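Excluded from the calculations below are hydrogen atoms, water molecules and symmetry mates; all remaining heavy atoms, backbone and side chain alike, are included. Since this is a predicted model, take the numbers as computed values, not measurements.
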Number of protein chains: 2
Amino acid sequence: MKTISRKEEIIAVASRLFKDKGYKAVSMRDIAKAMDIKAASLYNHINGKQEILSEIILKVAEEFTVGMKKVVSENSAAIDKIEKVIEMHIDITVNYSEALAALNNDWMHLNDTDLKAFVKMREDYEENFRSIIKQGVEACEIKPYHPEVILFSILSTLRTLYLWYQKRGKLDVNILKKDMVSVLIKGLI
Amino acid sequence: MKTISRKEEIIAVASRLFKDKGYKAVSMRDIAKAMDIKAASLYNHINGKQEILSEIILKVAEEFTVGMKKVVSENSAAIDKIEKVIEMHIDITVNYSEALAALNNDWMHLNDTDLKAFVKMREDYEENFRSIIKQGVEACEIKPYHPEVILFSILSTLRTLYLWYQKRGKLDVNILKKDMVSVLIKGLI
DNA sequence: TAACAAAACTAACGCTTGTTAGTTAGAATT
DNA sequence: AATTCTAACTAACAAGCGTTAGTTTTGTTA
């Protein structure tokens, strides 16, 4: 009986519109028109425009947080952890490809409370990733580049992946994982 | 006697504001307030909001186009060309760090004519880069990964560099170049 | 000092924005 | 059959938007 509620439908439609034009450039009337109803009707299901943005962004942000926590708690080599993070990132990209645009570009339009929560999650995520890389450098699993540059390089690639995943016609996930892991990691060892 | 005109001043201030909140979230009154004048006064120097965006984006886009053309015309190994592209990207990032946010996030709000021009430049740029990589793979200078994945990986990193360059307190350019070239290229050969 | 141009100002325009109030049609429950 | 609930509707609000017209200030040149 698992059907999607009207609220989830609004969020899905909004995600798609936000992806193309950005949060501020999409009006409630735009969202309503895309659903063939009037703007006022949206308020039977959601409390406001900002709430839509929160639901989109925080849901995915929590996925990242949970995924990272799982990887960190593993008892394995740093290089394997990095591989796991890359694969986790790709999985989330595939499952939430529409939401990632808002997460990357419109997070600053969250309300104060949600903004603080988001920034905290993001900082923690980066800090965890940084620790894994440092651990790998110290254990000599990874070449002694500046950890910050490695972190930045991998993270930029993963964070922009959603753009290419959509443009290049939704490639096969397993092939994608294999290629990305190769390109991003092989140079480090 | 090279002083900056009022128009250039507006564009500089707008770049900074667009970087933080995005084109659509910044009003003409915001820009004016940041310059301690009234919104209407801006129109003594510029024709409209969209013109500001065009000036910001197209100026940098042309820098990239010119830079790429120079690299392509060189008579050198593919791997050296890639290195040159990376260095060129870093130079532009350092010189136009404020403008790059608009170029990356707000290009879709350009007017029809400028939008077409921008998209064309961007496609040409990517196509040139792709050719260099293919050439490198065929000449066995580069490992035989899928060229598209290599292109995507390098380009995402370079395109997001402006964010980190600002956050990490404006690192030294030459060190940055050396590290980036290492991390991005060493894994390929 | 008078004339001029540059660049600021005030006031207002038509339009869009997010949102609220009150109403109505149809389906589900009693 | 009567009631309640759900989800749509119309109409309107105050605030903010980009932009224009007309006016005043300011600084330079004749």
Exercise for the section: Over 60° means perpendicular and under 30° means parallel, so classify the ring planes of B/Phe152 and A/Trp164, tilted if in between. Expected result: tilted

Problem - Distance, rounded to the nearest Å, where A/Tyr43 contributes OH and D/dT10 contributes P - result: 17 Å

Exercise for the section: Nearest whole angstrom, please: distance from the P of C/dT16 to the NZ of A/Lys24. Expected result: 18 Å

Practice task
Could you tell me whether B/Lys84 and B/Glu87 make a salt bridge, using a distance below 4.0 angstrom between a side-chain N and a carboxylate O?
Solution key: no

Exercise for the section: Give the rounded distance in Å between these two atoms: CE of A/Met28 and C1' of C/dG18. Expected result: 7 Å

Problem - Contact state string [nucleotides 23-29 of chain C, B base, S sugar-phosphate only, - no protein heavy atom under 4.0 Å] - result: -------

Problem - Side-chain N or O of A/Ser27 closer than 4.0 Å to phosphate OP1/OP2 of C/dT17 - result: yes

Fill in the blank from the handout: Rounded to whole Å, CD of A/Glu51 lies from P of C/dT19 at a distance of 10 Å

Practice task
May I ask you to test the A/Gln166-A/Glu98 pair for a side-chain heavy-atom distance under 4.5 Å?
Solution key: yes

Problem - Distance in angstrom units between A/Glu9 CD and D/dT6 C1', rounded - result: 15 Å

Practice task
Please determine which of B/Ile37, B/Asn44, B/Ile46, B/Leu42 meets the side-chain contact (heavy atoms from CB on, under 4.5 Å) test together with B/Arg6.
Solution key: B/Ile37

Exercise for the section: For the residue pair A/Phe64 and A/Tyr125, categorise the inter-ring angle as parallel (less than 30°), tilted (30 to 60°) or perpendicular (more than 60°). Expected result: perpendicular

Handout entry: A/Ser182 and A/Asp179 side chains, donor-acceptor separation under 3.5 Å
Key = no

Problem - DNA chain C: 5'-proximal contact among A/Ala25 and A/Asn47 (nearest heavy atom) - result: A/Ala25

Exercise for the section: May I ask you to test the B/Val85-B/Ile154 pair for a side-chain heavy-atom distance under 4.5 Å? Expected result: no

Atom pairs, N/O to N/O, protein against nucleotides 6-9 of chain C, distance under 3.5 Å?
from, atom 1, to, atom 2, distance (Å)
C/dA8, OP1, B/Arg6, NE, 2.7
C/dA8, OP1, B/Arg6, NH2, 3.0
C/dA8, OP2, B/His45, NE2, 2.6
C/dA8, N7, B/Asn44, ND2, 2.5
C/dC9, OP2, B/Lys38, N, 2.5
C/dC9, OP2, B/Ser41, OG, 3.0

Exercise for the section: Assess whether one donor atom and one acceptor atom, taken from the side chain of A/Arg29 and the base of C/dG18, lie less than 3.5 Å apart. Expected result: yes

Handout entry: Lys/Arg-Asp/Glu bridge criterion (N-O < 4.0 Å) met for A/Asp106, A/Lys24
Key = no

Problem - Beyond-backbone contact of A/Glu55 with A/Lys59, side-chain heavy atoms, under 4.5 angstrom - result: no

Exercise for the section: Please report, rounded to the nearest Å, how far the P atom of D/dC17 is from the CD1 atom of B/Ile31. Expected result: 11 Å

Practice task
Whole angstrom is fine here: how far is it from CD1 in A/Ile10 over to P in C/dT19?
Solution key: 13 Å

Problem - Separation of D/dT20 P from B/Lys49 NZ (nearest whole Å) - result: 15 Å

